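What follows is a short report on a single structure.
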Amino acid sequence: MKIYDSSNIRNIAILGHSGCGKTNLIEAIAYTSKLTSKIPRITDKMNMTYSIGLTPVEYNDYKYNLLDTPGYFDFCGEVISSLNASDAAIIVIDATTDVQVGTEKSLELTENMPKIMFINKIDNEKSRYKDTLAMLREKYGNKVVPMIIPIYENKEFIKLHNVFENMDGLDGEFKQEAMSVKEALMELIAETDDELLDKYFSGEDLSDADIQKGITIGMQRGDIIPVICGSTINNIGTTEILETVSKYLQPKYSNIEAKFKGQVFKTIVDPFIGKMSYIKVTQGKINKDCELFNLNKSEKEKIYNIYTMKNGDLIELSEARCGDIIIVTKVNSLQTGHTVSISKDEYELEDINLPKPQIYYAVVPKNKGDEDKIGSALNKVVEEDPTIKWYRNPETKQVLIGGQGELHINTIKNKIKSKFGVDIGLEDIKVAYRETIKGKAEVQGKHKKQSGGHGQYGDVKIKFERSNLDFEFAEEIFGGSVPKQYIPAVEKGIKDSMVKGVLAGFPVTNIKATLYDGSYHDVDSSEMAFKLAAGIAFKKGMEEAKPVLLEPIMKFKITVPEEYMGDIMGDINKRRGKILGMESDEKGKQIIYANAPQAETFKYAIDLRAMTQGRGYFEMELETYEEVPAQLAQKIIELENNK
């Protein structure tokens, strides 16, 4: 593959609802550009994309780095990463259905970047091209403009027509439609520039250069969204896509003369090749056999080769210029989002804003001895997909893995087995309940034992009460009833006892213990004796000071279209939750702020998706701990004590 100037490189992310034909479009473009000799075919089984796929194609002296993205919501992190490396997006739309949720999400994610809509399957007998276009215009206004329209004869698709071409050969109906579209597009073009607007309203014809300038500006601002129709299966419309992209899209690149800098937007851990880092070159150029700085870790790395992809294989490059996408291998310090540069004095690029986990499961090994392997495998998975998070919960003793949904988590589970040879199971996570007290108690704890030789003696009197802090310890000893050298042992004895409460064995929190009296023996007292005495006092104090069970309360920020507000609020109330407030966002959606017990929300990602047909999403974090209602608390205590 030859070296391309920055002005002739286009990085394009392909987005759309699952099953709309994104991968087939890339295959059709690869066929059109003679990268492959195989045209895509309809298959009985839909192949779901889980990760970014890079397909560079060369056509008419341009290089197009096409980034295939998953259409299913669980893998939105891959879409966001690909958009971070792209100049523009092509949103593929199925002409045989209504506008789908994946189309809506694609338009939301690409709101601030140029895009083209490709209406696919127009040669299908179920195609509803005009209805699809009308639905798009209803949702997104007149900035959705067909540039390439289909022509039919007796309801059969014949060919595509560019609205800027001669219309004399068109039948009356199609000529009228094409003229109407062209007029609407010319008005949008004129509105992009004062000079063009003056020409347009003075009756002057806009030149080809004027039109190109206006469409380029309009697309960059998001005021013009060109629509092209076609069929990936029969390779209709792919040439028009390539020509539109090369002619009207302005690539995002910096100074070619500057020192090299780039950002990792995708990481793959291959069992045979090792780590592969996909890098968007943001300025300068890079050659093989060079040294780079990982600015995020302040580490120097040697780069021996730089690569691109061709038909799934790594192909060496001698050089890559700003705007291009390259792959480097076995650079262990690099992670998704990291900035690399020739100069260690460059600034880091803004990190990729990836979504937080929506759902968590507990991970358990299926085979004995695999406990240590799980952590290593999960670390590699997180390198590939930073929207996955994992950690060990010290209170529940579970290893937890978080992702965007059930499919996401199950895909990771299968990957861990196939790529890293570790077979894991998934379980529901346990609630990290805690215990505290509502009242006060003054108790004595005495440890006395005589068994020949030195005995053991420790005696403490402690006051227990509720605290706003996790733990407070104070001492009000007068007259040396407990020698100062033993007071730290009393505090430690209480802290050690707090690991297990008296109700159901959950950790204890929010208590204050004040040591106010006690006694000691000159010979038999020791730190251990006072530590044990404190433990006895703790148990008595907890039992007498009205112990209660606490549960974690999660803070929610839920974003949904307005028509689902009633259902969402009703559902929160059913989960013992509280609505804290509401507001509109800049996209016309509603944001609901709420609190709800963690025990009621483990599968909220699944339920929210079902209630909103996939249009809602949320963020969640631990807010506080609150008392469990008495009836529920009793059931939990009985369950734990019967284990």
Side-chain angles (χ1 to χ4, degrees), residues 5 7-8 10 12 32 59-62 64 87-91 93 110 113-119 122 129-130 132-134 136-153 157-230 236-252:
D5 288 333
S7 58
N8 285 47
R10 301 288 187 273
I12 308 296
T32 299
Y59 184 79
N60 285 354
D61 292 324
Y62 282 84
Y64 304 83
D87 305 312
I90 296 173
I91 299 171
I93 301 165
T110 59
M113 70 186 302
K115 52 191 154 293
I116 293 169
M117 292 183 177
F118 177 68
I119 300 179
I122 59 161
Y129 167 74
K130 287 188 177 181
T132 303
L133 186 59
L136 289 171
R137 279 181 166 161
E138 184 180 348
K139 280 183 175 288
Y140 308 108
N142 290 332
K143 57 185 169 186
V144 175
V145 184
M147 290 177 63
I148 312 291
I149 62 173
I151 297 177
Y152 294 89
E153 187 175 276
F157 167 77
I158 303 176
K159 63 178 181 177
L160 296 178
H161 180 83
N162 189 317
V163 298
F164 294 113
E165 292 174 355
N166 190 313
M167 299 184 192
D168 292 340
L170 295 181
D171 290 341
E173 178 188 348
F174 291 107
K175 185 173 183 178
Q176 185 177 355
E177 180 186 345
M179 290 291 287
S180 174
V181 168
K182 182 177 181 180
E183 187 60 32
L185 179 56
M186 296 299 279
E187 190 169 327
L188 287 173
I189 291 168
E191 290 173 353
T192 63
D193 183 84
D194 290 341
E195 186 179 330
L196 296 181
L197 195 61
D198 289 341
K199 276 180 104 172
Y200 180 75
F201 280 118
S202 65
E204 282 187 63
D205 289 334
L206 299 182
S207 67
D208 290 345
D210 291 336
I211 291 170
Q212 181 170 355
K213 175 186 175 183
I215 293 177
T216 300
I217 294 171
M219 287 182 68
Q220 202 70 34
R221 291 178 183 167
D223 295 331
I224 297 176
I225 304 175
V227 176
I228 298 171
C229 57
I236 300 167
T238 50
T239 300
E240 287 80 2
I241 286 175
L242 291 170
E243 290 175 352
T244 300
V245 167
S246 62
K247 189 173 183 179
Y248 300 118
L249 284 179
Q250 200 72 263
K252 289 189 296 186

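The shown structure was predicted, so the numbers you read here are calculated from the model rather than taken from an experiment.
Proximity of Glu191 to Leu197: side-chain heavy atoms (C-beta onward) are separated by under 4.5 Å at one or more points. No side-chain heavy atom of Thr216 sits less than 4.5 Å from a side-chain heavy atom of Lys247. Between Tyr129 and Tyr152 the shortest side-chain heavy-atom distance falls below 4.5 Å. Side-chain contact between Asp87 and Pro114 is absent, with no heavy atoms from C-beta onward closer than 4.5 Å.
The backbone N or O of Asn8 sits nowhere less than 3.5 Å from a side-chain atom of Asp61 that would complete a donor-acceptor pair. Between the side chain of Thr244 and the backbone N or O of Glu240 there is at least one donor-acceptor pair closer than 3.5 Å.
Between Ile241 atom CD1 and Thr32 atom OG1 the span is 9.0 Å, to the nearest 0.5 Å. Atom-to-atom distance recorded for Ile116:CD1 and Met219:CE is 4.5 Å, nearest 0.5 angstrom. For the atom pair Phe118 CZ and Ile93 CD1, the distance stands at 10.0 Å (nearest 0.5 Å). Here CD1 of Ile211 is found 11.0 Å from OG1 of Thr192. Values are rounded to the nearest 0.5 Å. Once rounded to the nearest 0.5 Å, the distance linking NZ of Lys182 with CD1 of Ile149 reads 11.5 Å. Between atom CG of residue Leu206 and atom NZ of residue Lys199 there is a gap of 6.5 Å, rounded to the nearest 0.5 Å.
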Margin query: Does Leu133 form a side chain to side chain contact (heavy atoms under 4.5 Å, CB included) with Val227? I'd like the steps, not just the answer.
Written below: CA-CA 9 Å; Leu133 186 59; Val227 176; 4.2 Å; yes

Next item on the list: Go through the steps to decide whether Leu188 and Asp223 satisfy the test side chain to side chain contact (heavy atoms under 4.5 Å, CB included), and finish with yes or no.
Entry: CA-CA 8 Å; Leu188 287 173; Asp223 295 331; 5.7 Å; no

Item checked: Trace of the side chain to side chain contact (heavy atoms under 4.5 Å, CB included) decision for Leu185 with Phe164 -> CA-CA 10 Å; Leu185 179 56; Phe164 294 113; 3.4 Å; yes

Next item on the list: Let me see the working for Leu160 and Ile236 under side chain to side chain contact (heavy atoms under 4.5 Å, CB included), right down to the final yes or no.
Entry: CA-CA 8 Å; Leu160 296 178; Ile236 300 167; 3.7 Å; yes

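Heavy atoms from other residues, nucleotides or ligands lying under 6.0 Å from CD of Glu195 number 12 at most. Counting heavy atoms of neighbouring residues, nucleotides and ligands inside a 6.0 Å radius, atom CD of Gln212 exceeds 12 of them.
For residues 137-146, the side-chain hydrogen bond (donor to acceptor under 3.5 Å, both in side chains) pairs, not counting sequence neighbours, are Glu104-Lys139.
Leu136 approaches Met117 most closely through the heavy-atom pair CD1-SD, 3.6 Å. Residues Met113 and Ala89 approach most closely at CE-N, 4.4 Å, considering heavy atoms. Arg10 approaches Pro251 most closely through the heavy-atom pair NH1-CG, 3.5 Å. Minimum interatomic distance between Leu249 and Ala88 (heavy atoms only, all atoms of both residues): CD1-CB, 3.4 Å. Of all heavy-atom pairs spanning Tyr59 and Glu243, the tightest one is OH-OE2, 4.5 Å. Taking each heavy atom of Ile122 and Pro150 in turn, the nearest pair found is CD1-CB, 3.8 Å.
Residues meeting the side chain to side chain contact (heavy atoms under 4.5 Å, CB included) test with Ser246, sequence neighbours left out: Tyr62, Tyr64.
With respect to Tyr248, the side-chain contact (heavy atoms from CB on, under 4.5 Å) criterion is satisfied by exactly one of Ile215, Ile217, Ile224: Ile215.
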